[in-house]
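The analysis underlying the following values was restricted to heavy atoms, covering all of them including side chains, and did not include hydrogens, waters or symmetry mates. We number each residue from 1, following the sequence as shown.
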Amino acid sequence: MVATQRFTSLRRGLFLAAVCVTALGLAVHFLVPGDLGPLFADALYTVLVYLLLALLSPKTARYLVAVAAFAISALIELAQLTGLPAQLAVIFPPSRLVFGTTFSAPDLLAYAVGALMVWAVDSGILRRRQQLRAAHLE
């Protein structure tokens with residue numbers, strides 16, 4: 001029962017974090033002018049992918065989740081070279097928020113930074129939870 005509660009608590013936290021990151025990412029995308037806004041939004045995009053992957057597979061090693069989040073983000077960015085995301089955006093404009101339309105090499109760096117940052121924060125949180133749990137059992 002305790003393990004089930006921890007699992008549910010972890011998933012709840014990941015879901016809440018994903019909702020917050022989505023809201024922050026949209027705010028940054030639409031409200032922050034200049035060159036840094038889009039890069040920050042791109043890093044948050046990879047953070048969201050990480051959180052969703054962790055939510056779907058909470059027992060997967062976090063470094064693998066970070067690698068997968070970066071890979072998915074990078075693949076979507078590279079797909080923009082084909083023109084398919086731009087065509088999809090014409091048919092269904094909201095898809096532009098997920099798939100983008102124009103390739104930008106600096107976005108790949110933003111994805112890497114996002115994946116590294118969320119991995120570091122999540123790993124720190126998980127370590128702290130384990131320390132607290134161990135101290136509680138003593």
Minimum-distance pair of heavy atoms, taken over all atoms of [X] and [Y]:
X: Ala41; Y: Gly25; result: CB-O, 4.2 Å
X: Arg96; Y: Thr101; result: NH1-CG2, 3.5 Å
X: Val49; Y: Ala69; result: CG1-CA, 3.7 Å
X: Phe70; Y: Leu108; result: CE1-O, 3.4 Å
X: Pro106; Y: Leu39; result: O-CD2, 3.8 Å
X: Pro85; Y: Ala79; result: CD-O, 3.4 Å

By side-chain hydrogen bond (donor to acceptor under 3.5 Å, both in side chains) - contacts of [X] (at least two apart):
X: Thr60; answer: Ser57
X: Ser123; answer: Trp119
X: Gln80; answer: none
X: Tyr45; answer: none

Other residues, nucleotides, ligands: >12 heavy atoms within 6.0 Å of Leu26 CG: yes

At what distance, to the nearest 0.5 angstrom, does [atom1] of [X] lie from [atom2] of [Y]?
X: Cys20; Y: Leu48; atom1: SG; atom2: CG; result: 11.5 Å
X: Arg127; Y: Leu132; atom1: CZ; atom2: CG; result: 13.0 Å
X: Leu116; Y: Tyr111; atom1: CG; atom2: OH; result: 15.0 Å
X: Gln131; Y: Arg133; atom1: CD; atom2: CZ; result: 11.0 Å

Hey, quick one: are [X] and [Y] part of the same hydrophobic cluster, counting side-chain heavy atoms closer than 4.5 Å, chains of contacts allowed?
X: Leu10; Y: Phe15; result: yes
X: Leu109; Y: Phe40; result: no
X: Val67; Y: Ile76; result: no
X: Leu51; Y: Val28; result: yes
X: Leu44; Y: Met117; result: no

Pairs meeting criterion salt bridge (Lys or Arg N to Asp or Glu O under 4.0 Å) with involvement of residues 107-124, two or more places apart: Arg62-Asp122

Pairs touching residues 31-54 that satisfy salt bridge (Lys or Arg N to Asp or Glu O under 4.0 Å), sequence neighbours left out: none

Side-chain heavy atoms of Leu97 within contact of Phe30, under 4.5 Å: yes

Test side-chain contact (heavy atoms from CB on, under 4.5 Å) applied to Leu53 and Leu64, step by step: CA-CA 10 Å; Leu53 291 173; Leu64 292 175; over 6 Å; no

